[in-house]
There are 2 protein chains.
Amino acid sequence: MRRDIFQAIADPTRRAIIALIAVHAMTPSALAEHFDSTRQGISKHLKILTECQLVKQEQQGREIYYQLEIDKMKEIDNWLEQFRKVWETRFQQLDDLLLTINMK
Amino acid sequence: MRRDIFQAIADPTRRAIIALIAVHAMTPSALAEHFDSTRQGISKHLKILTECQLVKQEQQGREIYYQLEIDKMKEIDNWLEQFRKVWETRFQQLDDLLLTINMK
DNA sequence: TATATACGCAACTGATTAGTTGCGCAAATT
DNA sequence: AATTTGCGCAACTAATCAGTTGCGTATATA
C-alpha cells in the first residue's frame, strides 16, 4: 500500500473529487452523481484520500460529509518548491542572456 | 495508457529521477547507480517521463542524456492554483475571525 | 414496526504497473 | 576486426488498482 499524496492525486477521478469537495463538504452519494461510477467506487476513492489524510469525515446522522484537508495540499506545493528554484534560475539565465545581447 | 504528469509523479522513483535531472542532465546508466533497480527499470521510468513530456533526450555519441522539461512542472503548479485560492480564503476567514475577536 | 436510505466492507474481475531477464543494435575502445 | 559499453525493445511475472456486485448495519421515514 503506497498511499501517499502523489499517488492519491494520480487518479483523475480523485482529482475531480478533490476539486468538488474543495468548495464544500459532500457525501459519497452526492459525489457519485457527478461521475459515471457507482457510489461504492467513489467510496473507495474517498477511502484512499482519507488514508493519506487529504480528506476528513464528518458524520451527520446517517450521512457522512467528506471535506478537503486543504493544508495537506500544501505538501505538493512544498515539493514543487525545489523546482521553483530551478525555473527561476533558468529565467535568470535567460534574463542574463538578453542583457548580454542588449549590451552588444 | 494514462500517462499524464500526475500519474508520472505518483511513483517515488520517478520523483527521485526528476529531482536528480533537475540539477543536470544524466544518462540512464548514471541514474541507475542511484537506485536499487536495473538500468532497464530506470529506462522504463524515463520512457514514461518522456511520453508525458516531463523529460527530453539529447544524444551524445552512444550516450543519451535525459533532461528535465522544467516548464512541464509548472502544470502541477497551475493545477494547485485553484486550491491556493481556497487556502487563502480560509486564511482570510481566520483573519476576519481574529479581527472580530479583537473588536469585542 | 416495516421500509427506504446512506453508508462501509468483502470478494471478485480485468487492466495497469513496477520490476525483471534476455535479446539486438550502434558507438567507442582495444 | 574483435570486444566492450550504452542503450532501447520485447516478453514475462507478481503486485497493485479501479471498478463492480452483494452483502450487513445504522439512521431516518411511513
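Values below: every heavy atom of this structure, side chains too, minus hydrogens, waters and symmetry copies.
Protein atom CZ of A:Arg3 is 17 Å distant from nucleotide atom P of D:dA15, rounded to whole Å. Atom-to-atom, CZ of B:Arg15 to P of C:dA18 comes out at 12 Å; the value is rounded to the nearest Å. B:Leu46 has its CG atom 11 Å from the C1' atom of D:dC7, to the nearest Å. Distance CG (B:Asp4) to C1' (C:dT16): 14 Å, rounded to an integer number of Å. Atoms NZ (B:Lys47) and P (C:dA18) sit 13 Å apart, rounded to a whole Å. Summarising the geometry, the separation between CG on A:Asp11 and P on D:dC17 is reported as 11 Å, rounded to the nearest angstrom.
Atom CD1 of A:Ile17 sits about 11.5 Å away from atom CG of A:Leu68, to the nearest 0.5 Å.
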Can you check nucleotides 22-24 of chain D for protein contacts, nitrogen or oxygen pairs under 3.5 Å, and list what you find?
| from | atom 1 | to | atom 2 | distance (Å) |
| --- | --- | --- | --- | --- |
| D:dG22 | O6 | A:Gln40 | NE2 | 3.1 |

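Within residues 30-38 of chain A, the residues having any heavy atom closer than 4.0 Å to DNA chain D are, in order of number, A:Ser37, A:Thr38. Residues from residues 56-66 of chain A lying near DNA chain C, meaning a heavy-atom separation below 4.0 Å, are A:Arg62, A:Glu63, A:Ile64, A:Tyr66 in numerical order. The stretch residues 17-26 of chain A has no heavy atom under 4.0 Å from DNA chain C, so no residue of it qualifies as close.
A:Ile5 and A:Ile48 are members of different hydrophobic clusters when ILVMFWY side chains are connected at heavy-atom separations under 4.5 Å. Following chains of ILVMFWY side-chain contacts shorter than 4.5 Å, one can reach B:Phe6 starting from A:Leu49, so the two form part of one hydrophobic cluster. Using a 4.5 Å cut-off between side-chain heavy atoms of Ile, Leu, Val, Met, Phe, Trp and Tyr, with links allowed through other members, B:Met73 and B:Phe83 fall into the same hydrophobic cluster. B:Ile9 and A:Ile18 end up in the same hydrophobic cluster when Ile, Leu, Val, Met, Phe, Trp and Tyr side chains are linked at under 4.5 Å.
For the pair A:Ile21 and A:Tyr66, the tightest heavy-atom approach, listed with the atom from each and the gap, is CG2-O, 3.7 Å.
In terms of position along DNA chain D, the nucleotide closest to B:Ser29 lies nearer the 5' end than the nucleotide closest to the other residue of the pair A:His45 and B:Ser29.
Evaluation of the salt bridge (Lys or Arg N to Asp or Glu O under 4.0 Å) test over residues 15-24 of chain B, restricted to residues two or more places apart or in two chains, returns A:Asp4-B:Arg15. Within the structure, the side chain to side chain donor-acceptor pair (under 3.5 Å) test picks out no pair touching residues 19-41 of chain A (sequence neighbours left out). The stretch residues 73-88 of chain A participates, sequence neighbours left out, in these salt bridge (Lys or Arg N to Asp or Glu O under 4.0 Å) pairs: A:Asp71-A:Lys74, A:Lys72-A:Glu75, A:Asp77-A:Arg84, A:Asp77-B:Arg84, A:Glu81-A:Arg84, A:Arg84-B:Asp77.
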Which donor-acceptor pairs under 3.5 Å do side chains of residues 52-64 of chain A form with protein atoms, sequence neighbours excluded?
| from | atom 1 | to | atom 2 | distance (Å) |
| --- | --- | --- | --- | --- |
| A:Gln59 | NE2 | A:Gly61 | O | 3.1 |
| A:Glu63 | OE1 | A:Tyr65 | OH | 3.1 |

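Between B:Ser43 and the phosphate of D:dG8, there is a side-chain N or O to OP1/OP2 separation shorter than 4.0 Å.
The side-chain heavy atoms of A:Lys47 and A:Arg3, taken from C-beta on, include no pair separated by under 4.5 Å.
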